[in-house]
Amino acid sequence: MRHGTQHADLASKELDTALRGGPFHVALRAAIAARGLPLQRVQHHLSRHGVKVGVTSLSYWQQGARRPQRPESLRAVRALEEILKLPEESLIRLLAETDEGTAAQRPAARSYRSRMEASGVLDRLRAELGWSLDGGLHALGHHERVRVGARRELAGRESHHIVRAHRDGADRFVAVHHGDPGCAPDRMTVHALENCRTGRVRWDQDTGVLVAELLFGTRLRSGDTFLFRYGVEDGTAGPSREYLRDFTFPGGQYALQVRFDADALPARCHRFTQHSAAAPRSGRQELPLSGVHRSVHLVEPRVRPGIIGIGWDWG
């Protein structure tokens with residue numbers, strides 16, 4: 001009995017050390033060993049949390065041969081923290097630190113495949129809300145303010161739109177929010193801030209896409225202009241490294257401002273463009289960080305179809 005107690009104490013000590021210093025796979029292996037669970041039981045517990053992960057994947061994760069990266073895998077890591085009775089965010093934090101340490105060795109942008117998956121999901125969610133093309137609205141101006149929090153996470157954003165109706169009867173707008181990998185769109189909140197109210201909200205857990213209906217409360221006639229403002233509270237994913245906006249149609253002015261928490265300032269910031277999700281990035285330009293406002297911004301006088309964004313490095 002004493003031998004068993006000593007073994008448990010040693011496993012607990014190894015776990016405490018691994019959770020403090022990592023890396024992720026060592027901490028995961030120590031946690032599983034400390035709880036005395038075979039991988040088949042861990043897989044069973046995960047399935048009861050609604051997460052499907054193979055025993056082979058779990059084995060690779062604890063060996064360091066592979067790392068959880070897909071949204072489903074990151075949800076599994078959060079579930080493992082509960083199953084293995086670990087402090088909240090303990091494994092996610094180690095995984096994020098590993099990400100930062102290997103950032104220079106991997107692409108900073110999301111893969112083309114993940115972007116295409118999100119695009120297909122977005123089309124489906126918009127169709128569920130009866131939204132097609134541009135909803136009868138032409139964009140005259142769009143100003144976005146993005147907040148990055150103290151944990152380096154995408155904390156939220158606020159959008160101010162100026163639109164003109166090009167057909168009679170336009171009475172709403174469908175907003176789109178793409179969370180960072182590992183986000184939880186079911187925990188995000190949409191706020192109607194000015195000249196609108198929130199209608200139906202839909203999301204997809206795997207891709208982190210959320211769409212929300214913003215109702216104007218009036219039907220516009222062709223040629224009428226309208227201003228409205230809304231916000232999305234996020235903060236559900238790990239460290240963020242970029243924010244981008246995909247434009248399907250040409251429009252008016254677009255301004256993007258990214259503001260950082262005083263405890264999480266980036267080493268460098270830059271703007272970029274892409275003609276499409278499949279095209280290489282171009283137009284890279286360094287952006288100076290304002291010391292007073294802790295923010296960077298870009299202004300595009302007239303947008304064209306394509307992608308505009310701001311990226312940053314944590315150093």
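This is a predicted model, so every value here is computed, not measured.
Listed by chain and number, the residues in a ring-ring contact (aromatic ring centres under 6.0 Å, His included) with Phe247 are Tyr254 (sequence neighbours excluded).
For the residue pair Ala34 and Leu15, the shortest heavy atom distance occurs at CB-CD2, 3.9 Å. Scanning all heavy atoms of the two residues, the minimum distance from Gly135 to Ala170 falls at O-CB, 3.8 Å.
Arg147 has a carboxylate O that lies under 4.0 Å from a charged side-chain N of Glu233, or vice versa, which qualifies the two as a salt bridge. Of the charged side-chain nitrogens involved, none lies within less than 4.0 Å of a carboxylate oxygen, so that Glu286 and Arg268 do not count as a salt-bridged pair. In this structure, Glu128 pairs ionically with Arg124, as a charged nitrogen and a carboxylate oxygen lie closer than 4.0 Å. Between Arg78 and Glu88 there is no salt bridge, since none of the side-chain N atoms of the basic residue sits less than 4.0 Å from a carboxylate O of the acidic one.
Side chain of Arg29 to backbone of Gln62: a donor-acceptor contact under 3.5 angstrom is found. In this structure, Trp314 contributes its side chain and Ser240 its backbone to a donor-acceptor pair below 3.5 Å. Looking at Ser73, its side chain never comes within 3.5 Å of a backbone N or O of Pro68 through a donor-acceptor pair. Side chain of Glu81 to backbone of Ile92: a donor-acceptor contact under 3.5 angstrom is found. Of the possible donor and acceptor atoms, none in the side chain of Thr236 sits under 3.5 Å from a partner among the backbone N and O of Arg187. A donor-acceptor pair is defined here as one N or O able to donate and one able to accept, closer than 3.5 Å; no such pair exists between the side chain of Arg145 and the backbone of Arg259. Between the side chain of Glu213 and the backbone N or O of Arg200 there is at least one donor-acceptor pair closer than 3.5 Å.
Ring centroid separation for the pair His161 and Phe173 comes in under the 6.0 Å cut-off. Aromatic pair Trp312/Phe260: ring centres closer than 6.0 Å.
More than 12 heavy atoms of other shown residues, nucleotides or ligands fall within 6.0 angstrom of atom NE2 in His49. Counting non-hydrogen atoms of neighbouring residues, nucleotides and ligands closer than 6.0 angstrom, the NE2 atom of His166 exceeds 12 such neighbours. For Arg35, the CZ atom counts as densely surrounded, since its 6.0 Å shell holds more than 12 non-hydrogen atoms of other residues, nucleotides or ligands.
Taken together through direct or relayed side-chain contacts under 4.5 Å among Ile, Leu, Val, Met, Phe, Trp and Tyr, Val146 and Val303 form part of one hydrophobic cluster. Tracing side-chain contacts under 4.5 Å through hydrophobic residues (I, L, V, M, F, W, Y), one reaches Leu19 starting from Leu37; they form part of the same cluster. Linking Ile, Leu, Val, Met, Phe, Trp and Tyr whenever their side-chain heavy atoms come within less than 4.5 Å puts Val209 and Leu129 in one cluster.
In summary, the side chains of His142 and Ser159 do present a donor paired with an acceptor at a separation below 3.5 Å, with no hydrogens or angles considered. Looking at Glu144 and Tyr243, their side chains do bring a donor and an acceptor atom within 3.5 Å of each other.
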All N/O donor-acceptor pairs, side-chain side in residues 217-228, below 3.5 Å, sequence neighbours left out:
unit_1, atom_1, unit_2, atom_2, d
Arg219, NH1, Gly169, O, 3.2
Asp224, OD2, Arg221, N, 2.8

- Show your reasoning for whether salt bridge (Lys or Arg N to Asp or Glu O under 4.0 Å) applies to Arg271 and Glu242. CA-CA 9 Å; Arg271 63 173 292 169; Glu242 65 180 19; over 6 Å; no
- Message: The test is side-chain contact (heavy atoms from CB on, under 4.5 Å); show your working for His178 and Leu122 and say whether it passes.
- Response: CA-CA 10 Å; His178 290 266; Leu122 180 56; 4.2 Å; yes
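Applying side chain to side chain contact (heavy atoms under 4.5 Å, CB included) to Asp234 and the options His177, Arg157, Glu153 leaves one that passes, His177.
Taking 4.5 Å as the limit, some side-chain heavy atom of Glu158 sits within range of a side-chain heavy atom of Arg229.
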